[in-house]
Protein chains: 2
Amino acid sequence: MTQFRSGCPIASALDIIGDKWSLVIVRAMVMGATSYSDLLSTPEKISTNILAERLRRLEDAGLIRQSLPRQGSIRGAYALTARGAALIPVVQELARWGESQLPDRWTPPDRFYAARPGDFDVRDGDAAAD
Amino acid sequence: MTQFRSGCPIASALDIIGDKWSLVIVRAMVMGATSYSDLLSTPEKISTNILAERLRRLEDAGLIRQSLPRQGSIRGAYALTARGAALIPVVQELARWGESQLPDRWTPPDRFYAARPGDFDVRDGDAAAD
DNA sequence: ACTTCTTACTTGCATTTTGCAAGTTAAAAA
DNA sequence: TTTTTAACTTGCAAAATGCAAGTAAGAAGT
């Protein structure tokens, strides 16, 4: 994404995550998903091309990152960055809205509402490069 | 909208408001917009066809309603319903995220963060039909 | 009364995004 | 070494978005 529609923080946020899938991916990662196949196996059945494109966009926007691949693995795991984890209160409010205002929705597990941005972005990287 | 991708309240919420414009419209209405032209004159420059279609969708989803037109007016004003006003905490969290995580965004006025769902949907209608 | 303006849209068409299905590449498992 | 699994890419149809122009009805000016 190159530019924002306006200086409004809401409109700008929607320029990044204003679509049907981005926050579903964030939700899945809050719930522990770390791999492409974890994300594919959510009940919403995202298609592979959309998932790949969305992961690229979210990485470009600095909301997620891929850790460097471990020995004998081609790709690293996906993780929320601090900026991505800062969306947790947003998805929690969205969940509360859906639960309270839409008929017959699932009740998210307690650990979803218990999640805090600080629980993520454990900042690995340079240390322990053995 | 006919059906949800899953029972997840987040995914279901996004089935309704998961696009670039719906929450911009809600924000404008929280800030006092009530007419089509109010909504057109936001800094994001929504196009007329999208605005008309989105208003229809939001009305179908029960998030906004048009009050019955007053004497000599063809259309009534738009207002948030209780269900639409329940989105206020969501847009406030989104604003906090945009402000804190994106560079150089505007600071919303205090009354935006002070808005509460209960301030809207004052339930006019039948009374005072003088 | 009659042109002009404003409000609230609709229509047409090009571009972009989404969605489904199938193909690809590399590592892991049998 | 054939088969699976993981992580994508590619092709193409369908839907959403965006821009520009057109329309209809009430309001305002003269």
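Every chain is numbered from 1 and lettered A, B, ... according to where its sequence line falls, protein lines coming before strand lines.
- Residues passing the side chain to side chain contact (heavy atoms under 4.5 Å, CB included) test with B:Ser6 are A:Pro43, A:Glu44, A:Trp106, B:Cys8, B:Ala11, sequence neighbours excluded.
- Atom CG in A:Leu39 sits roughly 13 Å away from atom C1' in D:dA6 (whole-Å rounding).
- Contact between the side-chain N/O atoms of B:Tyr78 and the OP1/OP2 oxygens of C:dC9 is found at a separation under 4.0 Å.
- For B:Thr48, the side chain to side chain contact (heavy atoms under 4.5 Å, CB included) criterion is met by B:Tyr36, B:Leu40, not counting sequence neighbours.
- Atom CG of A:Leu40 is separated from atom P of C:dA22 by 16 Å (rounded to the nearest Å).
- Residues passing the side-chain hydrogen bond (donor to acceptor under 3.5 Å, both in side chains) test with B:Ser47, sequence neighbours excluded: B:Asn49.
- The side-chain hydrogen bond (donor to acceptor under 3.5 Å, both in side chains) contacts involving residues 78-87 of chain A comprise A:Gln66-A:Tyr78, where partners must be two or more places apart or lie in separate chains.
- Every side-chain hydrogen bond (donor to acceptor under 3.5 Å, both in side chains) that A:Ser35 has, sequence neighbours left out, goes to A:Ser37, A:Asp38.
- Computed from coordinates, the B:Asp38 CG to C:dC9 P distance equals 13 Å when rounded to whole Å.
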Distances under 3.5 Å between protein N/O atoms and the N/O atoms of nucleotides 15-19 of chain D, please, pair by pair.
{"unit_1": "D:dT17", "atom_1": "OP2", "unit_2": "B:Arg54", "atom_2": "NH1", "d": "3.4"}
{"unit_1": "D:dT17", "atom_1": "OP2", "unit_2": "B:Arg54", "atom_2": "NH2", "d": "2.5"}
{"unit_1": "D:dG18", "atom_1": "OP2", "unit_2": "B:Trp21", "atom_2": "NE1", "d": "2.4"}
{"unit_1": "D:dG18", "atom_1": "N7", "unit_2": "B:Asn49", "atom_2": "ND2", "d": "3.2"}
{"unit_1": "D:dC19", "atom_1": "N4", "unit_2": "B:Asn49", "atom_2": "OD1", "d": "3.3"}
{"unit_1": "D:dC19", "atom_1": "N4", "unit_2": "B:Asn49", "atom_2": "ND2", "d": "2.3"}

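- What separates CG of A:Leu51 from P of C:dT18 is a distance of 13 Å, to the nearest Å.
- Judged by a 6.0 Å distance limit and a 45° cone about the ring axis, A:Arg5 is positioned over the six-membered ring of B:Trp21.
- The CD1-P distance, from A:Ile25 to D:dC8, rounds to 12 Å in whole Å.
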